[in-house]
Protein chains: 2
Amino acid sequence: MNRHPDKRSRLVDAAVRLVHEQGFARTTLADIAGAAGVPLGNVYYYFKTKEAIGEALVAHHAGHYATLRGQWNQSGDARSRLAAFVQMTADNRAVLARSGCPVGTLCAELHKAGGPLAEQTGAIFTELLGWLEEQFRALGRDTDAADLALHLLSALQGVSLIAHSLDDPEYVDRETARLTGWIQTL
Amino acid sequence: MNRHPDKRSRLVDAAVRLVHEQGFARTTLADIAGAAGVPLGNVYYYFKTKEAIGEALVAHHAGHYATLRGQWNQSGDARSRLAAFVQMTADNRAVLARSGCPVGTLCAELHKAGGPLAEQTGAIFTELLGWLEEQFRALGRDTDAADLALHLLSALQGVSLIAHSLDDPEYVDRETARLTGWIQTL
DNA sequence: GTCTATACATGGATAGAC
DNA sequence: GTCTATCCATGTATAGAC
C-alpha cells in the first residue's frame, strides 16, 4: 500500500476529522474532497466507494490505538499504564465534549447501519479490552481482570457520551478523577 | 394536543422503534409511514417536517423516563430504587446489544447533526442525573452524590455502547452485576 | 382530513477527455 | 493519474384533487 501517500493520506486525514465532527453518513465525499484539496471525481481513483473510505477510517483508528498501546507497553508498570489510559481521556476533555469519542461514536453509527464495517470498528474495542485485561492481570487480579477491564472502558465510553450529549467537558473531569483514584486502590 | 390520537401516536410509535433500530438519519419518512400504515403524504398533516417527528420522539423518551421515575418514587428506599434502575438495563440486555440505548444512541447522533433537537435529547440525561443524585443523597452521600450519579450513568451508558458495538448482551450482564453489587456496598 | 402524484435538492457514482 | 460534467437513486417536501 501507500503508493499514493500524499493525496490518499490527505483524504484519510480529512475523513477522520470530518467524520468525527459530523458523523459518517452526514459527511459527503464532496466534503472530504474539498477538505483534502482533491477534486471530487479524483477521490474514486483512491477509493472505489464511500465504504472503502470507511474501511480506511477504521483502519486508521485501529492503528492509532495499536501504536498507543505499543508506547505504553514500553515503560512503566501496569498501574501507571492504566493511569495513562485514563489520563488520555482526561486530556481530551474538550474534544470529547464537542464531538464525543471518535471510536465510540463511529461504532454506534456504523452498527445502526449494519454491514461489515460495523464489525471492524467493534474490533477496536475488543483489542482495547484485551490490553486492559492484561494490565489488571499484571496487578494480580487474575479472577476478575476481564470484568475490571470492561468496567473501566464502560465508564470512559459512558462519560464521553454524556459529556458529548451535554456539551460539557466538566463531566469528563469528574469521572476521570474518580477512575484515577480507583486505579490507585487496586 | 392529541386531537388525532390514533394516527399520530401510531406514527410516533413507529418512529421510536425504527429510529432506535436504524438511527434518525437513515430512517425515512416513507419507512415511518409504511410501518404506521399511513400514506406518505398524510404524514405531513401531523408533522410539518421530519424534525418535528424528532421532537415528538424526544418528548416520548423524556415522558417515558419521567413515568418510570414516578413509579420508582412510589415504593422502596433509595437503594432499591437504584437497584431497580440498574436492573432495568440488565433486563434489556437483548435490545441493548442489538440497537444500543435508545436515548444514548439518539443523543450521539443528534449532537453530531447539531440543532435544537440535540439539546432536548441531552436534557433527558440531565433529568436522570438529578434523580440519581437524589437517591445517593438519600443514602447519606451528601458530598459526592453528583459524582456517584455520574459514575453510575456513565457505566450503564458505556456498557450499552460496548454491548451494541460488539453485538453481545453478555457485556451487559457482567457490568450490571458489578454495579448491583456496588450499590449494596454504599 | 386524506391520499396520489410530483417537484426539488442532495449526494454517490460513472464516463470519458486529457 | 487527473479532473469536469453528468447520470441516477434517494428522500424531503409540496400541490392539489377528493
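So you know, we letter chains A, B, ... as the sequences are listed, proteins then strands, and number each from 1.
The CD1-C1' distance, from B/I32 to D/dT12, rounds to 12 Å in whole Å. Here D/dG1 presents its P atom at 7 Å from OH of A/Y46, a figure rounded to the nearest Å. Atom CG in A/D6 sits roughly 12 Å away from atom P in D/dG1 (whole-Å rounding). Atom CG in A/D31 sits roughly 12 Å away from atom C1' in C/dT10 (whole-Å rounding).
Annotation: side-chain hydrogen bond (donor to acceptor under 3.5 Å, both in side chains) contacts of A/S165 (sequence neighbours excluded): none. Partners of A/H151 under the ring pair (Phe, Tyr, Trp, His ring centres under 6.0 Å) rule, at least two apart in sequence or in another chain, are A/W182, B/H151. Contacts of A/E119 classified as side-chain hydrogen bond (donor to acceptor under 3.5 Å, both in side chains), with partners at least two apart in sequence or in another chain: none.
Each of D/dG1, D/dT4, D/dG11 was ranked by its minimum atom distance to the side chain of A/P39; first place goes to D/dT4.
At D/dG1, one or more side-chain N or O atoms of A/Y45 fall inside 4.0 Å of OP1 or OP2 (strictly under the cut-off).
Note that A/K50 lies in the cation-pi zone of A/F24, set by a 6.0 Å cut-off to the ring centre and a 45° limit from the axis.
Contacts between residues 13-24 of chain B and DNA chain D, defined by a heavy-atom separation under 4.0 Å, are absent.
In this model, no donor atom of one side chain and acceptor atom of the other lie less than 3.5 Å apart for A/K112 and B/S99. In this structure, a donor-acceptor pair under 3.5 Å is absent between the side chains of B/N92 and B/T89.
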Protein N or O to nucleotides 13-16 of chain C N or O, pairs below 3.5 Å:
{"from": "C/dA13", "atom 1": "OP2", "to": "A/K50", "atom 2": "N", "distance (Å)": "2.9"}
{"from": "C/dA13", "atom 1": "N7", "to": "A/Y44", "atom 2": "OH", "distance (Å)": "3.1"}

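Among pairs with a residue in residues 173-184 of chain A, those fulfilling salt bridge (charged side-chain N to carboxylate O under 4.0 Å, His left out) read A/R93-A/D173, A/R174-B/D147, at least two apart in sequence or across chains.
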With salt bridge (charged side-chain N to carboxylate O under 4.0 Å, His left out) as the criterion, how do B/R69 and B/E127 come out once you've worked through the C-alpha distance, each side chain's angles and the decisive distance to 0.1 Å? CA-CA 10 Å; B/R69 288 194 300 272; B/E127 294 158 7; 3.8 Å; yes
